[in-house]
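In what follows, chains carry the letters A, B, and so on, assigned in the order in which the sequence lines appear, proteins first and then strands, with residues in each chain numbered from 1. When reading the values below, keep in mind they use all heavy atoms of this one structure, side chains included, and skip hydrogens, waters and symmetry mates.
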Amino acid sequence: MRDVAVRFGGIVALSGVSFDLPSQQINALIGPNGAGKTTLFNCLSRLYTPTSGDILFEGQSILSRPAHRIAEIGIGRTFQNLALFQNLSVLDNVRIGNHCRTRGDYISDALALPWSRSTEKEIDHKARQIIRYLDLQSVMHRRVGDLPFGTQKRVEMARALAADPKLLLLDEPAAGLNHGEVDELGDLIKHVRDDRKLTVLLVEHHMSLVMSISDTVVALNFGRKIAEGTPAEVQNNPDVIAAYLGTDQ
Amino acid sequence: MSVNLEEAAEHPAVAVDIETRPLGRDRTLKILFGILIFVVAIALPFVTKSFFVFQVTMVMIYAIAILGLNLLTGFNGQFSLGHAAFYAIGAYTAAILMDKAGISYVWTLPVAGIVCFVFGFLFGLPALRLEGIYLALATFALSVATPQILKLSPLEHWTGGVQGIVIMKPDAPFGLPLNQDQWLYFFTLIVTAIMFWMASNMLRSRTGRAMMAIRDNPIASRSMGVNNSLYKATTFGISATYTGIAGALGAIVVQFVAPDSFTVVLSIALLVGLVVGGVGWIPGAFFGGLFVLFVPNIAESISKGLSGAFYGLILMLLVFIMPTGVAGFLALIRHKVLRRGA
């Protein structure tokens with residue numbers, strides 16, 4: 001992340017934000033509402049194009065890539081308010097996660113040609129593996145839209161993992177979960193990181209979760225980076241405390 | 001029509017794929033049902049009158065056209081009130097090839113398909129910028145323009161202008177003991193079976209999932225690596241291919257094409273058929289085809305002077321009884337029966 005700035009019209013959403021994500025670590029991005037966390041996420045998944053600056057992933061700039069070619073280089077994500085394919089089954093949602101890892105075309109698929117069938121088998125195998133991994137077997141054939149919120153969040157995680165990401169972006173994974181679920185989520189994120197050797201960047205308001213699982217924390221406020229370091233360092237940073245609690249003028 | 005289109009496309013009646021449903025008694029029933037349909041389909045032209053055979057042939061043709069619209073609207077979330085244009089292009093391609101080039105009717109179908117794919121794909125590109133009701137309007141314009149373009153005098157040498165083109169009905173090949181209507185019935189049946197088989201394969205595969213992903217959440221589908229623009233434009237092309245092949249078959253079966261058969265009324269009829277059958281459900285196209293062909297006749301038999309009013313009344317009743325089309329209605333019945341059985 002190098003000097004990234006985003007402006008929407010006259011509004012500066014991000015200005016000159018730079019930081020590195022050490023690989024195979026859990027990195028958290030914190031900050032009050034409107035600090036630019038989700039904007040930054042959307043730049044990383046190329047839904048937004050930064051006005052200036054550059055984003056490097058494994059030494060290569062990702063800015064020349066359109067949004068649909070981000071998954072294939074190994075950046076996967078979940079969304080703040082869930083962005084699942086509501087009318088499809090859990091299995092199909094996870095299968096779509098694997099889209100960027102496979103090839104196919106209309107004609108081969110329509111004629112069910114041998115290579116199309118073997119691709120399907122591969123996708124199916126992969127999807128079922130991840131569904132087992134995240135313990136979603138019992139709801140595999142259910143329509144996603146009919147499932148409880150917490151389960152949908154797991155489905156979204158499964159869908160992201162189906163693409164074999166190297167960097168997993170989690171946008172407020174704890175939002176809307178109860179206490180027990182948040183603890184489970186923390187364990188799950190750590191577990192996934194260890195098992196799959198991936199780097200995690202999460203945006204989160206839930207401070208106890210951030211502090212308990214993160215290796216590094218970056219704090220944003222009004223589109224600027226105000227602190228970076230270990231959870232303890234950031235927690236004691238006066239600017240961060242001021243941003244969260246307000247300052248005496 | 002009191003159906004909210006946007007809502008219909010966002011909430012397809014049958015969502016979860018058939019293939020992954022738990023098997024069991026359902027499957028046996030399905031096989032028995034399949035055998036029954038097969039037997040009826042084979043026997044039908046030998047036990048009914050010629051005109052009825054013709055009508056059933058037309059039902060299949062409309063079913064293919066509606067399936068094309070369903071691929072676009074039901075499975076990809078793009079609207080079209082312009083499918084009469086693709087139907088017309090398919091019909092005219094077949095008619096001109098047979099009339100001017102003397103090409104066999106069989107080969108006019110793939111050609112019509114390819115021509116319509118190109119038109120559909122090209123139309124799909126600007127359509128990428130339009131959503132929902134605005135896309136419906138743009139495609140509506142296509143429907144309005146097509147009959148007039150077909151009547152243009154510079155094209156008259158090919159299209160026959162207002163007169164249209166009359167074509168010959170083909171005989172059964174290989175000395176099969178079938179009359180022309182029976183043969184066209186079987187020919188259409190084979191084409192229909194292939195088209196539906198291909199659509200169902202497509203929708204169960206990676207391609208179909210990408211189409212439905214775009215319908216349900218375009219931002220998420222992009223983040224999963226789906227090239228939304230390419231898929232949407234290609235789906236438009238495929239949809240036009242289906243409807244165009246239906247148009248070509250229609251021209252062969254009716255033995256006649258004329259500009260005024262392909263007005264916006266046909267586009268709306270196809271859309272009505274889609275909604276009545278069930279948005280996002282493949283077999284719904286057959287019910288849609290039945291509706292498109294028979295309901296206007298039924299309305300006319302009730303009252304010649306007020307046939308339009310009775311058509312409207314029947315439509316309203318159907319929408320009231322089955323708000324999600326035949327698809328949702330059958331799903332509801334199945335659900336009730338299964339619960340009683342359990």
Side-chain angles (χ1 to χ4, degrees), chain A residues 42 45-47 66-73 75-79 82-113 116-117 119-120 122-124 127 140-146 156 159-160 162-163 169, chain B residues 9-23 71 74-75 77 117 121 194-231 233-235 237-239 241-242 279-281:
Chain A
N42 285 341
S45 50
R46 294 287 294 111
L47 296 174
H68 66 264
R69 298 197 50 206
I70 288 299
E72 67 187 30
I73 57 170
I75 302 180
R77 74 170 290 178
T78 65
F79 292 81
L82 289 177
L84 286 162
F85 308 118
Q86 293 283 321
N87 292 304
L88 303 182
S89 65
V90 170
L91 182 58
D92 273 344
N93 268 274
V94 180
R95 281 166 166 169
I96 294 166
N98 199 242
H99 188 89
C100 66
R101 291 279 164 251
T102 42
R103 292 280 155 267
D105 62 87
Y106 276 83
I107 294 175
S108 314
D109 282 351
L111 297 174
L113 296 177
S116 165
R117 285 187 202 210
T119 305
E120 275 309 302
E122 202 182 298
I123 295 174
D124 192 67
M140 186 159 85
H141 299 290
R142 296 272 300 277
R143 181 178 171 275
V144 160
D146 299 337
E156 219 187 15
R159 186 180 69 178
L169 309 172
Chain B
E10 275 166 27
H11 303 282
V14 179
V16 177
D17 55 338
I18 305 140
E19 170 207 26
T20 55
R21 267 194 209 142
L23 307 171
L71 290 175
F75 293 98
F117 178 83
F121 186 83
I194 294 171
M195 301 297 277
F196 274 77
W197 175 74
M198 285 175 66
S200 106
N201 282 339
M202 192 159 72
L203 291 170
R204 272 167 202 217
S205 65
R206 182 177 175 276
T207 301
R209 283 192 300 273
M211 286 163 60
M212 292 183 267
I214 294 170
R215 172 196 69 195
D216 281 4
N217 198 320
I219 291 173
S221 67
R222 256 198 313 175
S223 296
M224 297 303 121
V226 177
N227 185 345
N228 286 8
S229 307
L230 184 66
Y231 271 93
T234 311
T235 303
I238 299 275
S239 169
T241 304
Y242 268 77
V279 178
W281 186 52

Contacting region of S229(B) [heavy-atom separation from chain A under 4.5 Å]: neither

Structural part of I194(B) lying under 4.5 Å from a heavy atom of chain A: neither

Portion of [X] that has a non-hydrogen atom of chain B nearer than 4.5 angstrom:
X	result
N98(A)	neither
A112(A)	both
I107(A)	neither
E120(A)	side chain
R77(A)	both

Contact leader toward chain A among S223(B), S200(B), A199(B), where contacts are heavy-atom pairs under 4.5 Å: S223(B)

Partner chain B: residue of R159(A), M140(A), R117(A) with the largest heavy-atom pair count (under 4.5 Å):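 Between R159(A), M140(A), R117(A), the count favours R159(A).
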
Residue among A110(A), S116(A), A160(A) with most heavy-atom pairs under 4.5 Å to chain B: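 Ranked by heavy-atom pairs under 4.5 Å with chain B, first place is A110(A).
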
Just so I know, are the side chains of [X] and [Y] near enough to count as touching, which here means a heavy-atom distance under 4.5 Å?
X	Y	result
H68(A)	L230(B)	no
R103(A)	R206(B)	yes
I219(B)	F79(A)	yes
S221(B)	I96(A)	no
H99(A)	R209(B)	no

Check: S205(B) main-chain N/O paired with D109(A) side-chain donor or acceptor under 3.5 Å: no

Nearest 0.5 Å, please: how far is [atom2] in [Y] from [atom1] in [X]?
X	Y	atom1	atom2	answer
T234(B)	Y106(A)	OG1	OH	5.0 Å
R222(B)	L47(A)	CZ	CG	5.5 Å
Q86(A)	M212(B)	CD	CE	15.0 Å

Closest approach of [X] and [Y], non-hydrogen atoms and distance?
X	Y	result
A71(A)	G225(B)	CB-N, 4.0 Å
L88(A)	A213(B)	CD1-N, 4.5 Å
L111(A)	N201(B)	C-ND2, 4.0 Å

